[in-house]
Amino acid sequence: MKGKRIVALIGLTLVMIGALSACGQSSSSKSTGKLASKQVVKLATKSEVTTLDVSKASDSTSLTQLYHTQEGLYRLGKNEKVINAMATKTTVSKDGTQYTFDLRHNNRWNDGSLVTAKDFVYSWQRTVNPKTAAEYAYLMAGIKNYDQVQNGKLAPSQLGVKATGKYQLQVTLSKPVAYFKLLLAFPTFFPQEQSMVEKYGKDYGHGSEKTAYDGPFTMTKWQGTDQNWTLVKNRHFWDKKQITLQQMKFQVVADPSTGLSLYQKHELDATTLDGTQVANMKNSPEMKTFVGGTMYYMQMNQKRVKALKNVKVRRSLSLAINKQQLAKKVLRDGSQAPQGFVSNNLSHNPKTKADFAKDAYVKDGVAYDLKQAKTLMKAGLKESKTATLSLSLMTDDTSVSKTVAQYIQAELQKVPNVKISIRTLPYKTRLSRSAAGDFDLVLTNWGADFADPINFLSLMQTGNTNNNGGFSDATYDNDLKRSENQDANQPEARYQDLVHAEKRLMNQQGVIPLYQPATVEMWNTKVSGYVWNPAGMSRGYQWMKVEQ
């Protein structure tokens, strides 16, 4: 997920019932087994819903609502285990390029119409149609003919997806995609009811009555720009008997102080805390801290600044930043120092179950050593024939981003002949200038779209649209290509390809990981049965309950 989606909000954490999270965080409240008569939870988000259009939703608030109002082929369970949702059986060809899904016959849209294979076909073809301009269309890149459809050379109907029966869906890939099942739990792959999309046209998804729902809840009291809305139990949902919760009432609360005040008044059942609040509430049993699936990092523009092409200069900049101090003393919100570019609690060794971040750890890639930083900078500048390194550090104009930028400025300027100026910009402006390569150094972040290291590592591949600093390394690229091609059907070999790629990236200091942001929340102990999935790709409210 792009930087805008890092913002912590209730619902982005997507609490998950009846399963342990990858980071082992669970509710401290013990289930009493006695349900409250009023099964309603009151939650907050940091921003408004932008759209409920499956093809166009890309921000965390909108995606959160889709997780709870729609049903796809799969859901994710403990440790990202794929769980059947609309799919009841999946058959995969020996070469891993063809998937056949048998669908359940008893799920309906909220208007009573049956959900069928054609609803998936229509949805995916609509998403890849270049006229739709779907931001997440690239997640379907592994499906046969995707590139040709995106380039306008083939019609969307030629995408490798078809209904081979009313309740059977067949998908053909251009090559094996090791994480394809994980992708199918993401909202971009959910079905859409064609009649509703065509009825409302450009207004589809911009009002609760202008949206079709096939999931556990439907949205009400939302006209496209409202600051408040309610999700109510969907009486047409196939698994409605398993849903205890009757309503979820959401409101936009941008300020953490306001959120905590509402929580303490019992007007919210959960709220997100900031750094100061975390320190003040650290002894409360209602406080939950979740880390994983997101990385805050700094890109260096090798295309614009000659000295940044030198690996000694890049390593010097990283070694000059005390990441432990940044997390523990500056942010003070539960954030953690990184072990590498891929976050902790995201992916695990298929053989040993070790955390990927641990297996791929390169100490010098994230360590603090000012003495070595000074030595490397002196050598790197000499090799680059540069006397003084004067760099502009671009960042968002939020309070947290400014604080981080000021800290980095102070750290880097401890290295002789390094001067850092700070350039703060509104998020959208910063994003566009990053994309245009108009920066020396830039602070940005990424939250996982799916629980696989490739979701992070591909960002720094040569030519990736998110690789704004122009890092390019043939060995690194080859490791990623191998993981996506000859080793795609070999889990252990593929895993080692990605470990090697991460180590190469850190040894070359193609990027500087700064910290793993934490989501710190207060939760009403009467709301039970939840834990957190750090990949941010599960639906939890479906199984939530309020106890006496």
Side-chain angles (χ1 to χ4, degrees), residues 6-34 36 41-46 251 253-296 322-339 343-345 355 398-401 403-404 407 447 514-534 536 540-541 544-548:
I6 193 176
V7 180
L9 68 157
I10 306 305
L12 176 56
T13 52
L14 297 175
V15 290
M16 198 168 158
I17 310 314
L20 293 176
S21 71
C23 58
Q25 297 286 350
S26 63
S27 172
S28 61
S29 60
K30 296 182 179 180
S31 175
T32 65
K34 298 178 180 178
V41 293
K42 296 165 288 187
L43 304 170
T45 73
K46 291 285 187 180
Q251 62 177 300
V253 181
D255 179 47
S257 296
T258 302
L260 183 57
S261 176
L262 292 170
Y263 178 82
Q264 291 171 333
K265 295 176 182 176
H266 305 291
E267 294 178 24
L268 284 177
D269 289 310
T271 189
T272 302
L273 304 180
D274 66 8
T276 303
Q277 292 173 326
V278 171
N280 293 337
M281 306 297 292
K282 64 181 181 180
N283 294 322
S284 172
E286 297 179 8
M287 192 177 85
K288 315 297 175 187
T289 300
F290 312 110
V291 179
T294 300
M295 185 64 64
Y296 199 97
N322 189 330
K323 295 137 186 107
Q324 286 286 352
Q325 187 177 67
L326 172 60
K328 303 300 182 182
K329 303 296 184 181
V330 178
L331 294 168
R332 298 186 304 155
D333 62 356
S335 295
Q336 296 179 1
Q339 288 187 284
S343 79
N344 293 67
N345 304 321
D355 194 304
T398 63
S399 59
V400 173
S401 295
T403 297
V404 173
Y407 174 79
L514 296 171
Y515 67 92
Q516 298 181 97
T519 296
V520 185
E521 299 171 349
M522 299 293 289
W523 274 89
N524 184 338
T525 55
K526 291 184 179 180
V527 178
S528 66
Y530 79 92
V531 293
W532 186 63
N533 180 341
Y541 299 127
M544 190 180 292
K545 57 184 179 290
V546 183
E547 297 185 339
Q548 292 180 354

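This structure is a prediction, so every number in the text was calculated from the model and none was measured.
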Query raised in the report: Shortest non-hydrogen contact from Tyr296 to Ser401?
Result: OH-OG, 3.4 Å
Query raised in the report: So, does Thr403 use its side chain to make a donor-acceptor pair with the main chain of Ser399 at under 3.5 Å?
Result: yes
Query raised in the report: What are the two closest heavy atoms between Thr272 and Gln277, and how far apart are they?
Result: O-OE1, 4.0 Å
Report task. Check for a donor-acceptor pair, side chain of Asp269 on one end and backbone N or O of Lys42 on the other, with a separation under 3.5 Å. Result -> yes
Query raised in the report: With a 4.5 Å heavy-atom cut-off, do Thr294 and Gln516 have their side chains touching?
Result: no
Query raised in the report: How about Met295 and Pro338: do any of their side-chain heavy atoms sit closer than 4.5 Å?
Result: yes
Query raised in the report: Are Gln325 and Lys323 side-chain neighbours, meaning at least one heavy-atom pair lies under 4.5 Å?
Result: no
Report task. Decide yes or no for Val253 and Thr45: does some side-chain heavy atom of the first lie under 4.5 Å from some side-chain heavy atom of the second? Result -> no
Report summary line: Distance col, row Leu43:CG vs Trp523:CH2, nearest 0.5 angstrom, shows 5.5 Å
Query raised in the report: Got Met522 and Glu286 here, is their nearest side-chain heavy-atom distance under 4.5 Å?
Result: yes
Query raised in the report: Going by heavy atoms in the side chains, are Asp355 and Asn345 under 4.5 Å from each other?
Result: yes
**Report entry** Donor-acceptor side-chain pairing of Asn344 and Gln336 below 3.5 angstrom
**Finding:** no
Report task. Return the set of residues passing side-chain contact (heavy atoms from CB on, under 4.5 Å) with Gln324 (not counting sequence neighbours), or none when no residue passes. Result -> Asn322, Lys328, Ala337
Query raised in the report: Hey, does Tyr515 have a side-chain heavy atom less than 4.5 Å from the side chain of Val404?
Result: yes
Requested in this report: Taking the side chain as every heavy atom from C-beta outward, state whether Leu273 and Met287 have any pair of such atoms under 4.5 Å apart.
Outcome: yes
**Report entry** Main-chain N/O of Ala518 paired to Ser335 side chain as donor or acceptor, under 3.5 Å
**Finding:** yes
**Report entry** From CZ (Arg332) to NZ (Lys282), nearest 0.5 Å
**Finding:** 10.0 Å
Query raised in the report: If you look at every heavy atom in Leu268 and Tyr263, which pair is closest and at what distance?
Result: O-CD1, 3.5 Å
Report summary line: Note: Gly292 and Ser343 closest approach over all heavy atoms is C-OG, 4.0 Å
Query raised in the report: Which atom names give the shortest non-hydrogen contact between Met281 and Gln264, and what distance separates them?
Result: CE-NE2, 4.4 Å
Requested in this report: Taking side-chain hydrogen bond (donor to acceptor under 3.5 Å, both in side chains) as the test, write out the residues that go with Asp255, two or more places apart.
Outcome: Thr258
